[in-house]
K.L.:
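Quick one: the structure is below, and I'll ask about it shortly.
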Amino acid sequence: QVQLMESGGGSVQAGGSLRLSCAASGYTRNSYCVGWFRQAPGKEREGVAGIHSDGTIRYADSVKDRFTISQDNAENTLYLQMNTLKPEDTAMYYCAASSASCSRPLLLWRLAYSYWGQGTQVTVSS
């Protein structure tokens with residue numbers, strides 16, 4: 001059974017930083033996508049950053065040059081380093097993993113992912 005658990009959310013002022021972690025268990029794939037999504041109240045869940053098993057990384061335009069996604073395969077942990085945070089980054093952040101082979105163009109497409117964590121709240125005040 002695949003389980004994903006996020007941590008690291010919190011409240012920061014604009015310009016601050018947070019590092020999110022996602023611990024995975026029961027997840028073993030040769031070809032996969034893993035990523036971070038976020039959902040603000042009243043808005044659709046959107047892709048923030050994703051990693052393909054071949055090392056390809058994609059970011060949403062809104063977070064490029066501010067957020068960095070990485071993974072530690074030995075620890076089965078996915079990270080999202082968020083710098084220069086803005087109030088519009090306020091949202092619930094979710095990590096996600098695909099259940100089967102995943103195409104690189106789909107890295108930020110939520111329907112490509114089958115497994116989801118419970119989310120961690122990020123609040124950025126101005």
K.L.:
List in chain and number order the residues that pass side chain to side chain donor-acceptor pair (under 3.5 Å) with Thr123, two or more places apart in sequence or in another chain; answer none if no residue qualifies.
P.N.:
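Here the qualifying residues are Gln121.
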K.L.:
Enumerate the residue pairs fulfilling disulfide (SG to SG under 2.5 Å) with a member in residues 25-93, sequence neighbours excluded, ordered by first and then second residue.
P.N.:
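Non-adjacent pairs meeting disulfide (SG to SG under 2.5 Å): Cys33-Cys102.
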K.L.:
Just how far is it from atom CZ of Arg58 to atom NE2 of His52, taken to the nearest 0.5 Å?
P.N.:
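The NE2 atom of His52 is 12.0 Å from CZ of Arg58, to the nearest 0.5 Å.
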K.L.:
Only counting residues at least two apart or in another chain, list the ones meeting side chain to side chain donor-acceptor pair (under 3.5 Å) with Glu46.
P.N.:
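Side chain to side chain donor-acceptor pair (under 3.5 Å) list for Glu46, sorted by chain: Arg38.
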K.L.:
Does Ser114 have any side chain to side chain donor-acceptor pair (under 3.5 Å) partners at least two apart in sequence or in another chain, and if so, which?
P.N.:
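With neighbours one apart ignored, the set is Ser99.
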K.L.:
Which heavy atom of Leu4 sits nearest to which heavy atom of Ala97, and what is that distance?
P.N.:
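So the two residues come closest at CD1-N, 3.9 Å.
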K.L.:
Let me have the donor-acceptor pairs involving side chains of residues 73-82, under 3.5 Å, with sequence neighbours excluded, atom names and distances please.
P.N.:
residue: Thr77; atom: OG1; partner: Glu75; partner atom: O; Å: 2.9
residue: Gln81; atom: NE2; partner: Asn83; partner atom: OD1; Å: 2.9

K.L.:
Considering non-hydrogen atoms only, spot the tightest contact between Ala14 and Pro87 and give its length.
P.N.:
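So the minimum-distance heavy-atom pair works out to CB-CD, 4.1 Å.
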K.L.:
May I ask whether Ile51 and Trp116 are part of the same hydrophobic cluster, defined by side-chain heavy atoms of I, L, V, M, F, W, Y residues being less than 4.5 angstrom apart, directly or through others?
P.N.:
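They do not share one cluster, since no chain of ILVMFWY contacts under 4.5 Å joins Ile51 to Trp116.
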K.L.:
So, using salt bridge (Lys or Arg N to Asp or Glu O under 4.0 Å) as the criterion, who are the partners of Asp72 when residues are at least two apart?
P.N.:
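If we apply the salt bridge (Lys or Arg N to Asp or Glu O under 4.0 Å) test to Asp72, skipping adjacent residues, there are no hits.
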K.L.:
Sequence neighbours excluded, which residues qualify as salt bridge (Lys or Arg N to Asp or Glu O under 4.0 Å) partners of Lys43?
P.N.:
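With sequence neighbours excluded, Lys43 shows a salt bridge (Lys or Arg N to Asp or Glu O under 4.0 Å) to no residue whatsoever.
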K.L.:
Mind jotting down which residue pairs meet the ring pair (Phe, Tyr, Trp, His ring centres under 6.0 Å) criterion with at least one end in residues 16-36? Sequence neighbours excluded, please.
P.N.:
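Not a single pair qualifies under ring pair (Phe, Tyr, Trp, His ring centres under 6.0 Å).
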K.L.:
Output yes when a side-chain donor or acceptor of Tyr115 lies under 3.5 Å from a complementary backbone atom of Val34, and no otherwise.
P.N.:
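Judged by distance alone, no pair lies under 3.5 Å.
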K.L.:
With sequence neighbours left out, write down each residue that passes side-chain contact (heavy atoms from CB on, under 4.5 Å) with Glu88, or none if nothing qualifies.
P.N.:
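Glu88 satisfies side-chain contact (heavy atoms from CB on, under 4.5 Å) with Lys86 once adjacent residues are dropped.
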K.L.:
Are the side chain of Thr90 and the backbone of Val124 linked by a donor-acceptor contact shorter than 3.5 Å?
P.N.:
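Answer holds: yes.
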K.L.:
Of all heavy-atom pairs between Val48 and Tyr93, which one has the smallest distance, and what is that distance?
P.N.:
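Looks like CG2-CE2, 4.3 Å.
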K.L.:
Who passes salt bridge (Lys or Arg N to Asp or Glu O under 4.0 Å) against Arg66, sequence neighbours left out?
P.N.:
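Expected list: Asp89.
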K.L.:
Do Leu18 and Tyr94 share a hydrophobic cluster, counting only Ile, Leu, Val, Met, Phe, Trp and Tyr and linking them when any side-chain heavy atoms are less than 4.5 Å apart?
P.N.:
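Different clusters: Leu18 never reaches Tyr94 through Ile, Leu, Val, Met, Phe, Trp or Tyr contacts under 4.5 Å.
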K.L.:
Answer yes or no: is there a donor N or O on one side and an acceptor on the other, between the side chain of Tyr113 and the main chain of Leu108, under 3.5 Å?
P.N.:
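No, the answer is negative, given that no donor and acceptor are paired below the 3.5 Å cut-off.
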K.L.:
Among residues two or more places apart or on two chains, list those pairs meeting side-chain hydrogen bond (donor to acceptor under 3.5 Å, both in side chains) that have a residue in residues 103-112.
P.N.:
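Applying side-chain hydrogen bond (donor to acceptor under 3.5 Å, both in side chains) to every pair that reaches into residues 103-112, excluding sequence neighbours, yields Asp54-Arg104.
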K.L.:
How would you list, by chain and number, every residue that makes a side chain to side chain donor-acceptor pair (under 3.5 Å) with Arg19, sequence neighbours excluded?
P.N.:
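Checked Arg19 against side chain to side chain donor-acceptor pair (under 3.5 Å); zero matches.
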K.L.:
Any side-chain heavy atom of Leu85 sitting closer than 4.5 Å to one from Phe67?
P.N.:
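Yes - at least one pair of side-chain heavy atoms lies under 4.5 Å apart.
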K.L.:
So, does Glu6 use its side chain to make a donor-acceptor pair with the main chain of Gly119 at under 3.5 Å?
P.N.:
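It does hold such a pair.
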K.L.:
Check whether any side-chain N or O of Ser31 sits under 3.5 Å from a backbone N or O of Ser101 as a donor-acceptor pair, and report yes or no.
P.N.:
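Checking the backbone N and O of Ser101 against the side chain of Ser31, no donor-acceptor pair under 3.5 Å is found.
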